[in-house]
Amino acid sequence: MKQITDPPKLDKHILSSYSMLRWCMGILSLIFPLLLVVGGLVKLFWLSSPLEMQNSLSAYYHAGVNAETMCTAFAGVYRNLFVGILVALSLCLLIYTGFGKLENWLLNVSGISLACVAFFPMGWPEEQMLSKCGNEVFVGSKLLNLEIKFLGQDIRLHFIAASIFFLMLILVSIFTAMDSVDVIEDVRKQAFWRNIFKYARWVMPVSLLLVLLMCLLTKTDYTVLWLEWIGIWAFSFYWLLKSFEIMQTKVDEDMIEGRVQRKGAPSSPMDKDNPSKARGLVRVDP
């Protein structure tokens, strides 16, 4: 590989890597449920027999394809795929630097939470499968089976981490969607993307509420699966849409070239103590 030493070209090279990371996050989120659910049904990759649809995405950590492995913890045929993609997404969320401080912190917390989802699995077998499994309950090691007392109930760390992960992503979409839009220089483009994210920022919380309501009304066994699936796809939709916006408006290039700065990074000594520069982005006059 040819070494890049010219500063402007190096900046462009770093920017392309940064953009690729952003696109990978959106695409991995998009294909993750498909690889597990659809892939299991059509015997994708190394499966010799179809894997029936599980009640949640988390169940694919343990789920086996036959009666012998169906009730055995850690025997999931897609366990490595499940953990591998979640760890990859977790690292992307941690490595990616948000446009504002708030976005950066929220993405970091979501990345740590997602790693916990991958490494601290759900209990197995699930309650609805206990009769098939002779009422044997997965105990596992104390670390993997870590539970926390909350309001008198034992709550598994896996559930807590997953809840924090989705909450952080919802906060990212609601509170940071306009960070890059506010500094778009072209007035027409700014108006266009402002109208888009005026509604797109609510896709994730609204879709989760609608799916939950639908599942409660239909009393399906797949409530958790659909909530996880729609939640991940809603974030993927938001993130890919945000990537298209940044690609079209080139706000990231403006940041590299100093035309856009984070609020709180003074562009002049007079701005140093300005309390209005709290978070988000600001366009700097040339």
Side-chain angles (χ1 to χ4, degrees), residues 19-66 69-96 107 110-126 129 144 158-159 161-166 168-170 172-173 203-204 207-208 211 215 220-244:
S19 300
M20 185 60 66
L21 178 65
R22 186 169 55 239
W23 284 103
C24 284
M25 290 166 62
I27 294 171
L28 276 176
S29 301
L30 183 66
I31 66 174
F32 175 60
L34 292 174
L35 290 176
L36 294 178
V37 181
V38 180
L41 293 174
V42 301
K43 300 186 295 185
L44 192 64
F45 300 128
W46 49 84
L47 297 191
S48 56
S49 303
L51 177 62
E52 66 180 38
M53 189 164 69
Q54 303 298 308
N55 294 332
S56 68
L57 293 177
S58 299
Y60 284 87
Y61 183 98
H62 299 291
V65 295
N66 53 51
T69 59
M70 185 184 300
C71 302
T72 306
F74 303 110
V77 290
Y78 272 167
R79 185 184 65 175
N80 292 339
L81 181 66
F82 175 85
V83 174
I85 294 180
L86 289 191
V87 170
L89 275 171
S90 172
L91 291 174
C92 287
L93 289 166
L94 287 168
I95 294 171
Y96 183 85
L107 292 176
S110 67
I112 295 171
S113 302
L114 191 58
C116 291
V117 171
F119 293 124
F120 296 91
M122 64 176 289
W124 193 259
E126 296 178 281
M129 292 181 60
L144 293 178
H158 178 88
F159 174 80
S163 300
I164 294 174
F165 169 70
F166 280 112
M168 293 302 104
L169 296 188
I170 289 173
V172 166
S173 63
V203 167
M204 189 172 183
S207 60
L208 285 172
V211 171
C215 291
T220 176
D221 291 333
Y222 299 104
T223 299
V224 176
L225 174 66
W226 297 130
L227 281 173
E228 291 175 332
W229 193 329
I230 294 302
I232 291 172
W233 267 17
F235 175 73
S236 176
F237 167 77
Y238 165 80
W239 201 253
L240 290 174
L241 195 62
K242 176 61 69 172
S243 298
F244 276 114

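No experiment lies behind these values; they were computed from the predicted model shown.
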> What pair of heavy atoms forms the shortest contact from Tyr60 to Ser56, and how long is it?
CD1-O, 3.5 Å
> Do the side chains of Leu36 and Leu81 get nearer than 4.5 Å, heavy atoms only?
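Of all side-chain heavy-atom pairs linking Leu36 with Leu81, at least one is under 4.5 Å.
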> Going from OG on Ser163 to CE on Met168, what distance comes out if it is rounded to the nearest 0.5 angstrom?
10.5 Å
> Would you check if Ile170 and Leu208 make a side-chain contact, meaning some heavy-atom pair closer than 4.5 Å?
yes
> Would you list the atom pairs, donor with acceptor, under 3.5 Å between side chains in residues 226-237 and any protein atom, with sequence neighbours excluded?
{"unit_1": "Glu228", "atom_1": "OE1", "unit_2": "Leu57", "atom_2": "N", "d": "2.6"}
{"unit_1": "Glu228", "atom_1": "OE2", "unit_2": "Ser58", "atom_2": "OG", "d": "3.3"}
{"unit_1": "Trp233", "atom_1": "NE1", "unit_2": "Leu30", "atom_2": "O", "d": "2.7"}
{"unit_1": "Ser236", "atom_1": "OG", "unit_2": "Gly26", "atom_2": "O", "d": "2.7"}

> What closest approach, in Å, do Pro50 and Lys43 show between heavy atoms, and which atom pair accounts for it?
N-CG, 3.4 Å
> Should Phe120 and Cys116 count as side-chain neighbours, where that means a heavy-atom distance under 4.5 Å?
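With C-beta onward as the side chain, the pair touches.
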> What distance do Trp239 atom CH2 and Arg22 atom CZ have between them, rounded to the nearest 0.5 Å?
7.5 Å
> Between Tyr78 (side chain only) and Leu51 (backbone N and O only), is there a donor and an acceptor less than 3.5 Å apart?
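Looks like no, no N/O pair under 3.5 Å.
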> First locate atom CD1 of Ile164, then atom CZ of Phe159, and finally report the distance between them rounded to the nearest 0.5 Å.
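Those atoms lie 10.5 Å apart.
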> Evaluate the side-chain proximity of Leu44 to Val38: yes if any heavy-atom separation is below 4.5 Å, no if none is.
no
> At what distance, to the nearest 0.5 angstrom, does CD1 of Ile85 lie from CG of Leu114?
11.0 Å
> Mind checking the CG-CD1 spacing from Leu107 to Ile112? Nearest 0.5 Å is all I need.
11.5 Å
> Could you tell me if the side chain of Val37 sits less than 4.5 Å from the side chain of Tyr222, heavy atoms only?
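Not in contact.
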> CD of Gln54 to CG of Leu225: how many Å apart, nearest 0.5 Å?
9.0 Å
> Any chance you could lay out the side-chain contact (heavy atoms from CB on, under 4.5 Å) test for Phe165 and Leu93, step after step, and finish with the verdict?
CA-CA 11 Å; Phe165 169 70; Leu93 289 166; 4.0 Å; yes
> Given 3.5 Å as the limit, does a donor-acceptor pair link the side chain of Ser90 with the main chain of Leu86, or not?
no
> Mind checking whether Phe82 and Phe32 have parallel, tilted or perpendicular rings, split at 30° and 60°?
tilted
> Between Ala118 and Val83, which heavy-atom pair has the shortest distance, and what is it?
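Result for this residue pair: O-CG2, 3.8 Å.
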> Determine the minimum heavy-atom distance between Leu28 and Ala88, stating which atoms define it.
CD1-CB, 4.1 Å
> In the structure I gave you, are the side-chain heavy atoms of Met122 and His62 within less than 4.5 Å of one another anywhere?
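In contact.
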> I'd like to check Val203 versus Tyr238 (side-chain heavy atoms, cut-off strictly below 4.5 Å). Are they in contact?
no
> Give me the atom names and distance for the closest heavy-atom approach of Tyr96 to Met25.
CB-SD, 4.0 Å
